[in-house]
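For reference, the structure discussed in these notes is given below.
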Amino acid sequence: MRDIIVLGSTGSIGVQALEVIAANPERFRVVGLAAGRNRELVEQQARAHSVQHVALGAEAAAELVRDVACDVVLNGITGSVGLAPTLAALRAGRILALANKESLIVGGSLVTDIAAPGQIVPVDSEHSAIAQALLAGEHHEVRRLVLTASGGPFRGRSRAELADVTPAQALAHPTWDMGRVITTNSATLVNKGLEVIEAHLLFDVPYERIDVTVHPQSIVHSMVEFVDGSTIAQCSPPDMRLPISLGLDWPHRVAGVGAPLDWSTASTWTFEPLDEAAFPAVALAKQVGTAGATFPAVFNAANEQAVHAFHDGALGYLEILDTVRAVVDRHEPHEMTLEGVLGAELWARAEADALIGSR
Ligand SMILES: NC(=O)C1=CN([C@@H]2O[C@H](COP(=O)(O)OP(=O)(O)OC[C@H]3O[C@@H](n4cnc5c(N)ncnc54)[C@H](OP(=O)(O)O)[C@@H]3O)[C@@H](O)[C@H]2O)C=CC1
Ligand SMILES: CC(=O)[C@@H](O)[C@H](O)COP(=O)(O)O
Ligand SMILES: [Mn+2]
């Protein structure tokens, strides 16, 4: 039996995690829940799962992680506010099933330095796929990681054709049903940029050996190419319950958690290069990832501000990346301490807000 704390229990990842846990009561038990503002739903979840420990807000979530014994902390909070709970889970010696990619990206070495080997289990579908594929060889035998991207709702459009797209259009993801921020990030390809940094930090592969290919069907969740020319891919219908279940009990599989592929009907899987002119986010992410220090935190924080402004009607779609780039270009890196990272984030949010306000 594994005791689980679910952070972000009221969101897309959290709700699906609770489904996996409820369907496998002989294997998993929830011992703590944390949410942001949705008190009604988290209290309902606590009653349904007989959970005594509930927290609201990121600081309270970190406190919950420190105070309540468990085997696994699933971090499904959205945004870099998930950093404190991520650090708390690692310091408490818990397995961290990590959906909240932002905490790893902004924390960088602050997170990787305190994580024991295998302590972070990726829940992000691409990174779960890569972790599964890596079981096929040794680290020194890896030639490259290939992350798949759906391409989002605007795949195939030129930069000019992106000028007038609306928040509602950006939220119409072609293959996944996710929260608002990550869905918007999929539409700008910022999500894929963040995932390249996430892959570098999780798997210790240099940026020049991490590629992105556009695969609109979201069936191949990512791939590892080995030195002998073999490529190992992980494939399944797009359903986050599979990587969530692996996160809860890595590397063991939960029978029936996802539907298998249907090989009895004709289907086509396609791959195409990313249009970097229309979607410059991956190149910018590689630039900030390579620069390191507080640059990834600034990239993420400026993007979070710009995404909120886009949904508030204060910024156009193309201005999201323009704003992020302008903030990154002005950044003087801070020291890689927690104070340095939080200071850089504050600076980036203020800088982004000023740019947004001046438009
Ligand atoms: N959804 C998906 O399929 C995937 C998501 N991810 C990643 O997983 C994370 C969660 O995404 P997703 O579930 O889609 O997001 P949602 O927006 O659906 O859910 C976000 C969750 O975070 C909680 N939250 C927000 N702010 C705070 C806070 N200050 N303190 C505590 N909790 C907070 C929300 O609580 P409340 O609603 O109560 O305010 C909610 O439970 C993100 O990092 C995302 O990138 C990665 C891969 C796939
Ligand atoms: C399900 C998941 O892991 C998301 O991060 C997904 O990858 C988003 O799809 P995009 O490939 O469109 O960013
Ligand atoms: Mn992903």
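Ligands are counted one by one from 1 in listed order, and the atoms in each one are counted from 1 as well.
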- request: Report the relative orientation of the aromatic rings in Phe203 and His127; use parallel for angles under 30°, tilted for 30 to 60°, perpendicular for over 60°.
  value: parallel
task: For the pair Trp269 and His215, name the ring-plane relationship: parallel under 30°, tilted 30 to 60°, perpendicular over 60°.
output: perpendicular
field: Pairwise distance CE(Met240) to OG(Ser12) - rounded to 0.5 angstrom
entry: 7.5 Å
- request: Answer yes or no: is there an ion pair linking Arg144 with Glu208, defined by an N-O contact shorter than 4.0 Å?
  value: no
- request: State plainly whether the residues Arg180 and Asp312 are in salt-bridge range, i.e. N to O under 4.0 Å.
  value: no
Contacts table for ligand 1: protein N or O within a distance under 3.5 Å of ligand N or O, distances only.
{"unit_1": "ligand 1", "atom_1": "1 (N)", "unit_2": "Ser12", "atom_2": "OG", "d": "3.0"}
{"unit_1": "ligand 1", "atom_1": "8 (O)", "unit_2": "Ala99", "atom_2": "O", "d": "3.4"}
{"unit_1": "ligand 1", "atom_1": "13 (O)", "unit_2": "Ser12", "atom_2": "N", "d": "3.2"}
{"unit_1": "ligand 1", "atom_1": "13 (O)", "unit_2": "Ile13", "atom_2": "N", "d": "2.9"}
{"unit_1": "ligand 1", "atom_1": "14 (O)", "unit_2": "Gly179", "atom_2": "N", "d": "2.8"}
{"unit_1": "ligand 1", "atom_1": "18 (O)", "unit_2": "Ser12", "atom_2": "N", "d": "2.9"}
{"unit_1": "ligand 1", "atom_1": "22 (O)", "unit_2": "Thr78", "atom_2": "N", "d": "3.3"}
{"unit_1": "ligand 1", "atom_1": "30 (N)", "unit_2": "Ala58", "atom_2": "N", "d": "3.0"}
{"unit_1": "ligand 1", "atom_1": "32 (N)", "unit_2": "Ala35", "atom_2": "O", "d": "3.4"}
{"unit_1": "ligand 1", "atom_1": "32 (N)", "unit_2": "Gly36", "atom_2": "N", "d": "3.3"}
{"unit_1": "ligand 1", "atom_1": "35 (O)", "unit_2": "Thr10", "atom_2": "OG1", "d": "3.1"}
{"unit_1": "ligand 1", "atom_1": "35 (O)", "unit_2": "Gly36", "atom_2": "N", "d": "2.9"}
{"unit_1": "ligand 1", "atom_1": "37 (O)", "unit_2": "Thr10", "atom_2": "OG1", "d": "3.0"}
{"unit_1": "ligand 1", "atom_1": "38 (O)", "unit_2": "Thr10", "atom_2": "OG1", "d": "2.8"}
{"unit_1": "ligand 1", "atom_1": "38 (O)", "unit_2": "Gly36", "atom_2": "N", "d": "3.0"}
{"unit_1": "ligand 1", "atom_1": "38 (O)", "unit_2": "Arg37", "atom_2": "N", "d": "3.1"}
{"unit_1": "ligand 1", "atom_1": "38 (O)", "unit_2": "Asn38", "atom_2": "N", "d": "2.8"}
{"unit_1": "ligand 1", "atom_1": "39 (O)", "unit_2": "Arg37", "atom_2": "N", "d": "2.8"}
{"unit_1": "ligand 1", "atom_1": "41 (O)", "unit_2": "Gly8", "atom_2": "O", "d": "3.2"}
{"unit_1": "ligand 1", "atom_1": "41 (O)", "unit_2": "Thr10", "atom_2": "N", "d": "3.3"}
{"unit_1": "ligand 1", "atom_1": "41 (O)", "unit_2": "Thr10", "atom_2": "OG1", "d": "2.7"}
{"unit_1": "ligand 1", "atom_1": "41 (O)", "unit_2": "Gly11", "atom_2": "N", "d": "3.0"}
{"unit_1": "ligand 1", "atom_1": "43 (O)", "unit_2": "Ile77", "atom_2": "O", "d": "3.4"}
{"unit_1": "ligand 1", "atom_1": "43 (O)", "unit_2": "Glu102", "atom_2": "OE1", "d": "2.6"}
{"unit_1": "ligand 1", "atom_1": "43 (O)", "unit_2": "Glu102", "atom_2": "OE2", "d": "3.4"}

Salt bridge (Lys or Arg N to Asp or Glu O under 4.0 Å) assessment of Asp71 paired with Arg94: CA-CA 6 Å; Asp71 298 297; Arg94 313 299 181 213; over 6 Å; no
statement: Which atom of Asp124 is nearest the Mn ion (ligand 3), counting N, O or S only? It is OD1
message: Working note: His221 + Thr148, criterion side chain to side chain donor-acceptor pair (under 3.5 Å); need CA distance, chi angles, decisive distance, verdict.
response: CA-CA 6 Å; His221 296 297; Thr148 51; 5.5 Å; no
field: Atom CD of Gln119: over 12 foreign heavy atoms under 6.0 Å
entry: yes
message: Within a 6.0 Å radius of atom CZ on Arg39, are there more than 12 heavy atoms belonging to other residues, nucleotides or ligands?
response: no
- line: Counting only non-hydrogen atoms and a 4.0 Å cut-off, the residues near ligand 2 are Lys101, Asp124, Ser125, Glu126, Ala149, Ser150, His173, Trp176, Met178, Ile182, Ser186, Asn191, Lys192, Glu195, Met240
- request: Could you grab the angle centred on the Mn ion (ligand 3), going from OE1 in Glu126 to OE2 in Glu195, to 10°?
  value: 100°
- prompt: Which atom names give the shortest non-hydrogen contact between Leu96 and Asn75, and what distance separates them?
  reply: CD1-CB, 4.0 Å
